[in-house]
Structures are given as C-alpha cells and as structure tokens.
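See structure below.
Just so you know, these numbers use all the heavy atoms, side chains as well, and skip hydrogens, waters and symmetry mates. Nothing here was measured: the structure is a model prediction, and the numbers come from that model.
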Amino acid sequence: QIHNHHCAAIHRDDCKFFDAEVRYCTYIFLNIRKIFVNLHLIMNVENTKERLGDGMRLDTTLGMEFISTPEDDICVGRMPVDERHIQPMGFLSGGATLALAETMAGVASMTLCPDAMCVGISVSANHLHAARKGDMVTAKAQLIHRGGQTHVWRIDITNTTGKLISTVTVTNFIKQR
C-alpha cells in the first residue's frame with residue numbers, strides 16, 4: 001500500500017521504470033549470489049577426495065562415499081550396511097556408525113581448511129534406532145562451531161527410509177601447517 005500511495009504521487013511511467021529497475025537489480029543480485037555460492041561457498045569434497053587418494057583407508061574399506069553440497073557448512077556421505085558393518089545380531093554396529101561420523105567430520109574440516117591438519121579429538125554419540133543389513137545409511141554433517149583451532153560438527157545418520165539412526169557430535173582439532 002505504501003508503494004501504491006507513493007506511485008500515485010509521481011508520474012505513472014516513473015513508477016513503472018522504478019519497478020523494472022528493482023526487479024532487474026534483484027535478478028542481478030540473485031544470480032551473483034548463485035555464482036558466489038557455486039564458486040566459493042560450496043562444500044566441494046572432490047579436491048579432498050583427490051588428496052586422500054585411492055589407498056586402503058577406513059573410508060574405502062567400509063565403502064563410504066562423500067558428496068559435495070551447495071552449502072558451505074554441510075557435508076553429506078553414504079555407507080552401505082553389509083557384512084563389513086554389522087554386529088552378530090545383523091544390525092549396524094555402533095562402531096561402524098562412529099567411523100562414518102568421524103570420517104565425515106574429518107573430510108568436511110579438510111575441505112574447509114585444505115592446508116591444515118585436521119584430527120578428531122572428541123566423539124559423542126546417541127544411537128536411536130537400528131539399521132539392518134541391506135540398508136544404505138546417509139550421514140549429514142553440519143558445522144556448529146568454526147573456531148581458529150577447532151571445528152564442532154553435528155552428524156545425523158539416517159537409514160534408507162530417512163529415519164534417524166544416530167546423532168553424533170565430533171570435535172576436530174585444526175592445526176595450520
């Protein structure tokens with residue numbers, strides 16, 4: 001209503017020009033923001049995966065997969081639940097869950113700080129539901145603190161149907177090289 005009242009006080013063509021200018025500026029701003037996000041603020045794990053190489057590590061042994069995201073504070077990964085991950089009753093082992101969570105936090109910190117050494121110093125978990133052999137679990141790591149020497153990540157792990165299996169907090173120490 002304020003805009004319409006303002007327009008009534010000036011020439012109608014000026015108002016149309018002003019509206020077009022605002023729409024154009026908004027369009028430019030949104031596109032610049034998209035470019036900035038795509039180039040600079042993406043959690044692009046591809047370079048981190050290249051630095052890790054193809055050797056025998058825990059993540060490769062357990063079949064973990066890391067996925068880039070458009071957010072700068074979120075990293076996503078997946079892991080199948082198969083004979084490598086289950087305890088005797090056929091459920092996902094809590095140790096495999098923690099391995100996924102700590103590895104996710106490590107990859108995420110390494111992606112944010114490519115020239116630093118990033119190591120886990122604290123892991124705390126709550127296992128809420130079971131995942132069974134044949135499931136694919138997805139881990140979503142979200143940065144909840146980014147300090148000069150530490151990162152704290154909250155990792156929510158869900159099963160194939162999206163049910164929350166575990167929630168894990170990982171603190172990484174970041175040492176600049």
Minimum heavy-atom distance between V170 and A101, given as atom pair plus value: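 In terms of heavy atoms, the two residues are closest at CG2-O, 4.1 Å.
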
Minimum heavy-atom separation for T158 and I165, please, with both atom names.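 Heavy atoms only, the tightest pair is C-CG1, 3.8 Å.
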
Where the side chain of [X] meets the backbone of [Y], is there a donor-acceptor pair that is under 3.5 Å apart?
X	Y	answer
T150	R146	no
T69	I74	yes
S109	G106	no
S68	V45	yes

T161: which residues meet the side-chain contact (heavy atoms from CB on, under 4.5 Å) condition with it, sequence neighbours left out?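 Expected list: N159, K163.
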
Run the side-chain contact (heavy atoms from CB on, under 4.5 Å) test against I144 and tell me which residues pass, sequence neighbours left out.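 With sequence neighbours excluded, I144 shows a side-chain contact (heavy atoms from CB on, under 4.5 Å) to V152, R154, given in chain and number order.
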
Pair up each side-chain donor or acceptor in residues 126-140 with any protein partner under 3.5 Å, not counting sequence neighbours, and list the distances.
residue: H127; atom: ND1; partner: S166; partner atom: OG; Å: 2.7
residue: D135; atom: OD1; partner: T160; partner atom: OG1; Å: 3.0
residue: D135; atom: OD2; partner: R132; partner atom: N; Å: 3.3

How about CD on Q176, more than 12 heavy atoms from neighbouring residues, nucleotides or ligands closer than 6.0 Å, or not?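 Buried by this count: over 12 neighbours within 6.0 Å.
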
Can you tell me which residue among D59, V76, T111, T48 is in a side chain to side chain contact (heavy atoms under 4.5 Å, CB included) with F66?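 Only one option passes, and that is D59.
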
If hydrophobic residues (ILVMFWY) are linked whenever their side-chain heavy atoms come closer than 4.5 Å, directly or via other members, who joins M117 in its cluster?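 M117 clusters with V119, I121, F173.
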
Through direct or indirect side-chain contacts below 4.5 angstrom among Ile, Leu, Val, Met, Phe, Trp and Tyr, which residues connect to M89?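 Besides M89, the hydrophobic cluster comprises F91, listed by chain and residue number.
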
Quick one: which residue pairs count as a salt bridge (Lys or Arg N to Asp or Glu O under 4.0 Å) with a foot in residues 84-93, not counting sequence neighbours?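 Non-adjacent pairs meeting salt bridge (Lys or Arg N to Asp or Glu O under 4.0 Å): D82-R84.
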
Working to the nearest 0.5 Å, report the span between [atom1] of [X] and [atom2] of [Y].
X	Y	atom1	atom2	result
C118	N172	SG	CG	6.5 Å
T60	M64	OG1	CE	9.0 Å
I67	R78	CD1	CZ	4.0 Å
T169	H145	OG1	NE2	13.0 Å
I155	T167	CD1	OG1	8.0 Å
T171	E102	OG1	CD	10.0 Å

So do [Y] and [X] actually touch side chain to side chain, heavy atoms under 4.5 Å?
X	Y	value
V168	S124	no
C75	Q142	no
I157	L164	no
D72	M43	no

Linking I/L/V/M/F/W/Y whenever their side-chain heavy atoms sit closer than 4.5 Å, directly or via other members, would M110 and I174 fall into one cluster?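 Different hydrophobic clusters.
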
Can you list the steps and then say if M79 with H85 is a side chain to side chain contact (heavy atoms under 4.5 Å, CB included)? CA-CA 9 Å; M79 182 177 74; H85 311 99; 3.6 Å; yes

